[in-house]
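Read the structure below first, then the notes.
Computed over heavy atoms, backbone and side chain alike; hydrogens, waters and symmetry mates excluded.
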Amino acid sequence: TSAILWEGEGKYDWSRPDYFVSLLQNNEGKIRGGHLVWDKDTFPEWFNNLKNEAIKNPNIYGERFIGILSSYIKEAVGRYKNNVHEWSVLNEIVGPDGNLDQNNFWVKIIGPNLPRIAIEAVRSTDPTARIIINEFGVEFSGPKSDGYYGLIKQLREQGLLNDNDIVGFQFHISAKDPRFEDPSSAKEEIKRNLRRFIDLGVKVAITELDVMELWSNNPQSLIKQAEMYKSVVEACFELNLDYGKPV
């Protein structure tokens, strides 16, 4: 969304995203749009001022922000309906305890109905668009990953996600993570975690992948980095083989 110049409520300058869409079209690129809902995006001053007021008074501003968000999503999705076929709709809305993150201003202002409101705004505008829910710190099982699973399960049961939609995993993995001391064991743990999401009837995707805290270019460090990347990529290939189809 930071590519869109948000000039006021319901007022947008689409020149930058229009340029990138046309550029990718000319080069036969596939376009993923996003993130539609992300609290760390770049917002203009008028929005930040309004947001700060709304955080203090969510009961007063809640409906207004639902309108702002729904209008924005419908405008963006509608404008690029024939060019963008999948949207990262909700990005990083789960907190460390597995609940919706109360430090996220969208959650603070709009409340627990935020996922439904955002997804329905996309569906009503482009029913064929693939929806992506995206999160970090959920590669292995644990409180946050369990909460993420619970959210996806709930959205699935409510009919808000279908078997064409994607659960995204940001693999910002640490070179210091002891679980990667044995890459083979880490791979099996990753597969176990991803499998439960697949079994909900959605697809999973590694939307981001990097090895953090690797400060040295010595051969041993680079080999460890390569082994960590390999364990994640192999997990994906092996899950596809296990299910007999791309999942």
Side-chain angles (χ1 to χ4, degrees), residues 1-2 4 6 9 33-74 76-77 87-123 131-161 165-174 177 193-194 196-197 200 202 204-205 207-208 210 212:
T1 52
S2 57
I4 296 163
W6 208 337
E9 288 187 48
H35 309 290
L36 291 175
V37 182
W38 186 33
D39 74 323
K40 296 179 182 65
D41 214 330
T42 304
F43 297 99
E45 185 178 1
W46 72 265
F47 184 93
N48 286 326
N49 291 337
L50 186 62
K51 174 193 75 177
N52 292 336
E53 285 298 313
I55 289 171
K56 299 173 190 173
N57 303 285
N59 293 332
I60 297 173
Y61 285 90
E63 287 299 320
R64 185 173 176 183
F65 265 74
I66 289 173
I68 289 172
L69 182 63
S70 297
S71 173
Y72 163 69
I73 290 175
K74 289 176 181 179
V77 174
W87 288 92
S88 174
V89 180
L90 297 162
N91 189 58
E92 301 177 2
I93 66 164
V94 178
D97 62 356
N99 296 310
L100 290 183
D101 188 0
Q102 294 304 309
N103 290 318
N104 183 308
F105 77 82
W106 290 112
V107 173
K108 272 185 177 179
I109 298 167
I110 293 177
N113 286 325
L114 172 64
R116 177 186 59 78
I117 290 165
I119 292 171
E120 287 181 346
V122 176
R123 290 274 190 241
I131 284 173
I132 302 169
I133 313 297
N134 202 37
E135 194 55 69
F136 74 97
V138 290
E139 303 83 25
F140 298 98
S141 59
K144 184 170 184 177
S145 182
D146 293 346
Y148 191 39
Y149 172 81
L151 171 64
I152 301 302
K153 185 173 186 288
Q154 181 185 54
L155 295 175
R156 185 76 169 125
E157 290 171 347
Q158 292 172 344
L160 292 167
L161 295 179
D165 294 324
I166 289 176
V167 180
F169 293 79
Q170 300 176 26
F171 269 68
H172 304 305
I173 51 182
S174 171
D177 191 328
N193 187 43
L194 297 185
R196 60 175 174 162
F197 288 86
L200 291 175
V202 292
V204 302
T207 52
E208 304 169 39
D210 50 77
M212 303 181 292

Pairing donors with acceptors under 3.5 angstrom, does anything connect the side chains of N134 and T207? yes
Would you call D165 and R123 a salt bridge, using N to O less than 4.0 angstrom? yes
Charged N to carboxylate O below 4.0 Å: is that the case for R196 and D146? yes
Hey, could you give me the CZ/CZ distance between F140 and F169, rounded to the nearest 0.5 Å? 12.0 Å
Taking atom CD1 of I166 and atom CD1 of I152, what is their separation to the nearest 0.5 Å? 11.5 Å
Work out which heavy atom in [X] is nearest to a heavy atom in [Y]; give both atom names and the distance.
{"X": "V202", "Y": "R156", "value": "CG1-CD, 4.0 Å"}
{"X": "E139", "Y": "N193", "value": "O-ND2, 2.8 Å"}
{"X": "A54", "Y": "F65", "value": "CB-CE1, 3.4 Å"}
{"X": "E135", "Y": "I93", "value": "OE1-N, 3.0 Å"}

Is the Lys NZ or Arg CZ of K56 less than 6.0 Å from the centre of Y61's six-membered ring, within 45° of the axis? no
Look only at the side chain of Q170 and the backbone of G137, and say whether a donor-acceptor pair between them is shorter than 3.5 Å. no
Side-chain contact test, heavy atoms from C-beta onward, threshold under 4.5 Å: evaluate it for F47 versus I68 and give yes or no. yes
